[in-house]
Structure formats: C-alpha cells, structure tokens
Amino acid sequence: MTSEGVSNCCGEAEEKEDDNEDMAMGCYDDDDDDDFSALTEGNPEWGSEDGVLGFNEGLSGEVKPRVLLMGLRRSGKSSIQKVVFHKMSPNETLFLESTNKICREDVSSSSFVSFQIWDFPGQIDFFDPTFDYEMIFRGTGALIFVIDSQDDYVEALSRLHLTVTRAYKVNPDIHFEVFIHKVDGLSDDHKIEKQGDIRRRASDDLADARLERIHLSFYLTSIYDHSIFEAFSKVVQKLIPQLPTLENLLNIFISNSGIEKAFLFDVVSKIYIATDSSPVDMQTYELCCDMIDVVIDISCIYGRCVQLRAAAQQSSSTAQQSKAGQAWPRPFHHQPAPTAQQSSSTAGQAKLRPLYHQLDPTGQVRLRPSTTSLLQQAWLRPFHHPG
Ligand SMILES: Nc1nc2c(ncn2[C@@H]2O[C@H](COP(=O)(O)OP(=O)(O)OP(=O)(O)O)[C@@H](O)[C@H]2O)c(=O)[nH]1
C-alpha cells in the first residue's frame with residue numbers, strides 16, 4: 001500500500017508523477033485565504049486569519065477525521081509530523097522553527113488511511129473566548145497530546161487535563177492519545193517510571209473531576225527510533241472502521257501461509273494499518289520497515305522513477321556517503337529530465353531524499369548502509385526451498 005496523498009502545511013507543493021502515486025500537497029500558509037476567520041473570529045493572535053483552513057469544505061466534499069497534535073511549546077509536535085509524514089531526518093528537526101499558526105495536513109494514503117493532521121502552535125490558547133474550539137473538536141477522531149518527558153511535566157499535565165475535559169464535552173467519541181515524548185534520553189527503568197507517574201497523575205486529575213470514564217492511552221515515543229511510527233500506527237488504526245476485517249484477513253493469511261507475522265503497511269509513512277492478532281514485537285516491526293526501504297531502493301534502481309534525477313540534484317549537495325553504503329554503484333542514464341514543476345518541487349525532493357538519497361554527483365546510485373547490510377544478510381543466509 002503506497003501513499004497517494006500527503007499534504008504539507010508549509011506552503012510547499014509537490015506532485016509525484018507516477019501511475020499509482022499522486023502526492024497532493026494542501027497548503028495552509030499565507031497564501032490561503034479562506035474561512036479561518038470562522039474559527040478565530042478574526043483574532044490576529046493566532047497568526048492565521050490569512051492562514052489555514054476551509055471549515056466549510058466538509059459541505060462540499062468528503063469529511064475526513066481529524067487528528068490533532070497538541071501540547072506545550074517545543075514538546076515535539078511538528079517534529080513528529082515531519083518525521084512520520086515527510087520523512088524528515090530526526091536531526092533536521094533541530095532546526096524547525098516554532099509553529100505560529102495551525103497547520104493542517106491531508107493524509108490520503110488509501111481508502112483505509114484518510115485523515116487530516118492539525119498541528120497546533122504550542123503557545124496557542126484555544127480556550128480564548130474568541131477561539132471556536134467546539135468547531136475543532138466536533139470533527140476530531142483523535143487528539144494526540146505530546147508531553148516532553150525530558151522537561152518538567154506539571155504544566156503539561158494540567159494543560160492535558162484542560163484540553164481533554166473540554167474536548168470530551170464537545171465530542172465524547174474522540175480517542176485521547178498521550179505521547180510521552182523524547183524518551184530517547186531516558187533509561188528503560190526511567191521510562192517506565194515516568195509513564196507510571198504521568199498516567200497516575202492524569203487519572204487522578206480525571207477522577208477528581210469525576211470524569212473517570214475518559215480513557216487516555218499512553219505511548220512512549222521518540223523520533224529517533226521506530227517508537228513514533230508504532231504509536232502513530234496505533235492511533236491511525238483506531239480511525240479505520242474496517243480494522244477488524246483487516247485483522248481477520250491477516251489472521252487467515254498467516255494461518256494458511258505459515259508466515260510468522262503479517263503487517264499491512266502504508267509504505268511511505270511506515271505506519272502499519274493492521275496486523276494479525278499475535279503480539280507485535282518491535283524488532284519484527286523494525287525489520288519490516290527496513291525491508292520496505294530495501295524494496296523502495298531497489299525498485300528505484302530498476303523501476304520507473306521520473307523524479308529520481310530531481311532527487312539526485314538535491315542529494316548530490318547533501319549526501320555524505322559511508323563506505324558501507326557504496327554497494328551496487330550503477331550509472332544512472334535513463335531518467336527523463338525533470339519538468340519545471342518537478343524541479344521546483346523542493347518538498348518533493350525532501351520527501352524523496354531519504355528514499356533515494358544515495359545518488360552522488362556523478363550519477364551513481366548508492367544504497368543506504370542499512371539497505372546494504374540487509375541485502376548482505378539476505379544473500380549470506382542459506383536458501384531452503386520449501387519443495
Ligand atoms: N531528543 C529528542 N528531541 C526531540 C524529539 N522530538 C522533537 N525533538 C526536539 O524538540 C525540539 C522542538 O521540536 P518541535 O517539533 O519544534 O516542537 P513543537 O511542539 O512543534 O514546538 P512549537 O511549534 O513551539 O509548539 C526540536 O529541537 C526537536 O529536534 C525526540 O523524540 N527526542
């Protein structure tokens with residue numbers, strides 16, 4: 001399953017010309033001028049009367065569930081969005097500027113994966129009377145509240161409580177997801193301890209407000225490993241009404257094929273939208289993610305990939321190659337020159353870079369070290385034909 005549509009909130013637009021893949025970028029930047037005032041009632045503090053959204057669009061087209069990313073400033077909201085949906089490398093998030101307006105992103109990977117992500121500025125006070133939070137929460141499927149685990153989380157917890165209780169009153173069907181984020185800096189014991197403490201305090205706050213019925217799900221996440229993809233997978237799965245059917249099909253698939261574990265992946269984001277009912281082992285998930293990279297790398301070498309040269313232009317100035325990554329050097333001659341639109345699509349290049357980032361200035365295709373090592377492992381392993 002490949003991603004057809006992902007929209008970018010930062011004014012970049014890309015179109016991928018491929019038979020089956022279109023990436024439509026919807027932008028909510030200074031150029032848009034729509035109904036955002038309906039939300040903010042013209043409050044310029046939100047920085048977006050020229051910004052973000054068409055709230056009437058539900059009337060004209062399909063209504064997609066919303067996934068809201070909320071939390072205090074610098075908790076990591078935009079980084080999560082960029083790493084998961086734009087393939088930004090985690091280190092690049094160090095240079096992200098603070099978000100000062102709501103950004104909406106359409107993710108339309110397939111008929112199963114279709115939602116909008118709204119990234120809220122940390123400093124936004126959406127309970128200001130001039131801010132129509134009811135309108136936001138009404139169409140929301142999941143609210144992800146991001147807590148920086150490396151910071152003092154007392155303020156974050158009171159903000160979480162306020163957000164959840166308000167949202168629940170407007171829409172009790174929202175799934176409340178708490179990402180205890182940036183856990184890469186913590187030891188395993190410390191992670192568990194933090195999670196327990198945050199869970200206990202959040203539950204106590206809800207109990208004090210006699211709102212025990214609100215269910216919060218907690219995840220330990222970091223953009224520096226696969227935990228953020230796993231957590232997002234679980235969030236997205238809750239928005240897929242066909243999930244039980246998909247799980248059943250995967251159960252049937254593994255019981256009839258002898259395969260140990262099956263995931264149904266959205267290839268580009270590496271979110272898995274369903275798996276069979278056996279428990280998910282993180283290492284298996286990571287291995288599958290790496291194998292997807294291998295397949296993409298190889299299909300990029302042998303498949304039809306009109307944007308490769310555009311990616312090469314981007315990569316040639318940035319790629320730092322390690323010796324281990326120089327497997328399969330291969331001259332690259334047959335790609336058509338990019339159209340003006342393609343070559344101007346910096347968003348497209350950014351997205352392609354992690355997938356194809358192994359093109360050097362001379363046009364040699366080079367695989368990522370992880371791809372090379374996986375291929376080596378696969379080739380060194382004895383092959384037993386089932387027959
Ligand atoms: N160590 C670590 N740092 C992270 C992680 N995720 C994000 N960061 C860093 O946290 C800082 C803030 O990230 P942002 O994504 O800009 O935070 P934000 O919540 O969108 O901030 P606002 O736009 O101000 O609301 C950046 O320097 C990121 O590199 C993580 O998983 N681990």
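In each ligand, atom 1 is the first atom listed, and ligand 1 is the first ligand listed. Just so we're clear, the structure is a prediction, and the values are computed from it rather than from any experiment.
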Check this for me: does any side-chain nitrogen of one of [X] and [Y] sit under 4.0 Å from a carboxylate oxygen of the other?
X      : Y      : value
Asp148 : Arg74  : no
Lys270 : Asp293 : yes
Arg166 : Glu134 : no
Arg200 : Asp197 : yes
Glu155 : Arg159 : no
Asp188 : Lys191 : yes

In terms of residue, atom name and distance, what is the protein heavy atom nearest to [atom]?
atom                    : result
atom 6 (N) of ligand 1  : His181 NE2, 2.9 Å
atom 10 (O) of ligand 1 : Lys182 NZ, 3.0 Å
atom 23 (O) of ligand 1 : Thr99 N, 2.6 Å
atom 15 (O) of ligand 1 : Ser79 OG, 2.5 Å

So for ligand 1, is [X] a polar contact partner (N or O within less than 3.5 Å, distance only)?
X      : result
Ile223 : yes
Gly122 : yes
Ser98  : yes
Arg74  : yes
Gly76  : yes
Lys77  : yes

Measuring from non-hydrogen atoms of Gly185 to any atom of ligand 1, is the shortest distance under 4.0 Å?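 In this structure, Gly185 fails to qualify as a contact of ligand 1 - no heavy atom is under 4.0 Å.
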Measuring from the heavy atoms of Gln150, does anything fall under 4.0 Å of ligand 1?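 Yes.
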Hey, does the Lys NZ or Arg CZ of Lys87 hover above the aromatic six-ring of Phe85, less than 6.0 Å from the centre and inside 45° of the axis?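 No, Lys87 does not lie over the aromatic ring of Phe85.
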Under 4.0 Å from a heavy atom of [X]: give me the atoms of ligand 1 that qualify, with their elements.
X      : result
Asp184 : 1 (N), 2 (C), 30 (C), 31 (O), 32 (N)
Ser75  : 17 (O), 19 (O)
Thr93  : 26 (C), 27 (O), 28 (C), 29 (O)
Ser222 : 31 (O)
Arg73  : 24 (O), 25 (O)
Leu94  : 27 (O), 29 (O)

Could you check whether Asn91 and Ser89, counting side-chain N and O atoms only, form a donor-acceptor pair closer than 3.5 Å?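 Their side chains do not contain a donor-acceptor pair, so the 3.5 Å distance test is not met.
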Pairing donors with acceptors under 3.5 angstrom, does anything connect the side chains of Thr99 and Ser78?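 Per modelled atom types, Thr99 and Ser78 side chains form a pair under 3.5 Å.
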Evaluate the ring-ring contact (aromatic ring centres under 6.0 Å, His included) criterion for residues Tyr285 and Phe265: first the C-alpha distance (whole Å), next the side-chain angles of each, then the deciding distance (0.1 Å), finally the verdict. CA-CA 10 Å; Tyr285 173 60; Phe265 268 96; 5.7 Å; yes
Please find out if less than 6.0 Å separates the ring center of Phe179 from that of Phe145.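 No, too far apart.
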